[in-house]
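Every value quoted in this text rests on a predicted model; they were computed, and no experiment measured them.
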Amino acid sequence: MTFISKDFYLQDAIHVAPQLLGIKINRELKNGKVISGIIVETEAYMPDDPACHASRGVTKRNAPMFEEGGICYVYLIYGIYYCLNVVTGKKGSGQAVLIRALELPSHETNRRAAAGPGKLCRHLAINKEQNGLEFSKLNQIWIEEGIPILPADIQTSSRIGISKGIEMQWRFYIKNNSFVSKQYDTNNTKEIK
DNA sequence: GCTCGGATCTAC
DNA sequence: TAGATCCGAGCA
């Protein structure tokens, strides 16, 4: 059980996002049960990035993104689902990495139950209560080393579901992993279902 | 104040 | 392909 060092989170989101692939995320439920998964898909959101919630300065919602890296940023999307981000960078910078999908262990009945940011939060029982919390076992949500991922096994693409900043290739996922949220053909055009 | 649309997902 | 369903952000 090796835990990630503080310095890890102080890097820019575009550097942290690919390094989070293969990392294990753990969540302890109220009943004491621990749910775990390997991160297989992430997206980086940077301060000067029009798709980033922090791009227009501090607001009540995005305030956690301006804290020092290493805490959760959770927000409600489409009135229904929550999305979990890892805040990165120095205090005041306004950036984060969206955790989009986990590979669940083989004993899980539905191993795609965390394949997508909304499903992931539902599966791990993450909501506004985790917003702003430090990743720590004390907070029932923590991160630790998982499996090594080679650079050659990392694929990039445009980010999903945004209308601005689509030219940035800031989505990172493990190549040929069947637990990412969406798979595309080699031209990154047609979705493979 | 009020409107608009969103880092989604599922079912029709 | 539309509907669920909330609320922050910008003022159309």
Side-chain angles (χ1 to χ4, degrees), chain A residues 9 12-21 23 25 27 35 37 39-67 69 71-89 93-104 108-133 135 141 143 154-174 178-184 188-193:
Chain A
Y9 300 107
D12 278 344
I14 51 172
H15 294 119
V16 174
Q19 292 182 72
L20 279 172
L21 299 177
I23 295 262
I25 186 161
R27 170 84 171 117
I35 301 180
I39 298 172
V40 297
E41 180 182 352
T42 61
E43 282 177 2
Y45 287 85
M46 292 291 285
D48 292 327
D49 163 16
C52 179
H53 291 171
S55 63
R56 288 175 226 259
V58 189
T59 66
K60 191 175 175 184
R61 175 172 70 153
N62 67 24
M65 294 183 84
F66 289 86
E67 296 299 317
I71 67 171
C72 301
Y73 168 49
V74 182
Y75 67 91
L76 181 68
I77 188 70
Y78 299 113
I80 303 186
Y81 296 100
Y82 290 99
C83 290
L84 173 67
N85 294 254
V86 177
V87 174
T88 60
S93 64
Q95 46 172 291
V97 175
L98 173 68
I99 309 299
R100 287 194 54 91
L102 305 181
E103 175 173 340
L104 300 175
E108 292 269 358
T109 50
N110 176 12
R111 295 187 70 196
R112 283 188 58 82
K119 295 167 72 178
L120 184 156
C121 284
R122 197 178 52 187
H123 187 71
L124 298 187
I126 288 166
N127 55 55
K128 276 280 181 193
E129 291 173 27
Q130 281 69 50
N131 191 29
L133 291 185
F135 282 93
I141 180 165
I143 277 171
I154 298 177
Q155 193 90 267
T156 63
S157 82
S158 191
R159 293 169 293 178
I160 309 272
I162 57 169
S163 58
K164 291 171 264 185
I166 52 175
E167 67 282 1
M168 310 310 308
Q169 300 275 297
W170 285 350
R171 174 175 179 244
F172 303 86
Y173 59 99
I174 298 176
S178 55
F179 305 102
V180 303
S181 64
K182 294 181 180 186
Q183 301 271 10
Y184 292 88
N188 199 26
T189 50
K190 276 178 292 190
E191 184 181 349
I192 305 166
K193 296 246 174 169

Does a side-chain N or O from [X] land closer than 4.0 Å to OP1 or OP2 of [N], or not?
| X | N | answer |
| --- | --- | --- |
| A:Arg61 | B:dG6 | no |
| A:Arg100 | B:dT8 | yes |
| A:His53 | C:dG8 | no |

Identify which nucleotide among [options] has an atom closest to any side-chain atom of [X], counting heavy atoms from C-beta outward.
| X | options | answer |
| --- | --- | --- |
| A:Ile77 | B:dC9, C:dA9, B:dA7 | B:dA7 |
| A:Leu76 | B:dT10, B:dT8, C:dC7 | C:dC7 |
| A:Asn62 | B:dA7, C:dA9, C:dA4 | C:dA9 |
| A:Ser163 | B:dG6, B:dC9, C:dA4 | B:dG6 |

B:dA7 pyrimidine/purine six-ring stacking with A:Tyr45, under 5.5 Å and 30°: yes
Expressed in angstrom and rounded to an integer, what is the separation of [X] atom [atom1] from [N] atom [atom2]?
| X | N | atom1 | atom2 | answer |
| --- | --- | --- | --- | --- |
| A:Glu43 | B:dT8 | CD | C1' | 12 Å |
| A:Lys182 | B:dT8 | NZ | C1' | 8 Å |
| A:Leu98 | B:dA7 | CG | C1' | 5 Å |
| A:Met65 | C:dA9 | CE | P | 11 Å |
| A:Lys128 | C:dC6 | NZ | P | 14 Å |
| A:Lys60 | C:dA9 | NZ | P | 10 Å |
| A:Ile80 | C:dA2 | CD1 | C1' | 12 Å |
| A:Asn85 | B:dT8 | CG | P | 11 Å |

Donor/acceptor link under 3.5 angstrom from A:Tyr78 side chain onto base of C:dA4: no
Pairing partner of C:dG10 (Watson-Crick or G-U wobble, both distances under 3.5 Å): B:dC2
Nucleotide forming a Watson-Crick or wobble pair with B:dT8, both distances under 3.5 Å: C:dA4
Parallel, tilted or perpendicular: rings of A:Tyr73 and A:His53 (30°, 60°): perpendicular
Heavy-atom pair of closest approach, residues A:Asn127 and A:Tyr82: CB-CE1, 3.7 Å
Intermediate values then yes/no, side-chain contact (heavy atoms from CB on, under 4.5 Å), A:Ile141 and A:Ile126: CA-CA 9 Å; A:Ile141 180 165; A:Ile126 288 166; 3.8 Å; yes
Cation-pi check, A:Arg159 onto A:Tyr45 ring (under 6.0 Å, within 45° of axis): yes
Gap in Å between the two P atoms, one belonging to C:dA2 and one to B:dG5, rounded: 16 Å
Residue among A:Pro117, A:Ser181, A:Ser157 satisfying side chain to side chain contact (heavy atoms under 4.5 Å, CB included) with A:Glu41: A:Ser181
Stepwise side-chain contact (heavy atoms from CB on, under 4.5 Å) test for A:Glu103 and A:Arg112: CA-CA 7 Å; A:Glu103 175 173 340; A:Arg112 283 188 58 82; over 6 Å; no
Touch class at under 4.0 angstrom, heavy-atom based, for A:Gly118 against every strand present: sugar-phosphate
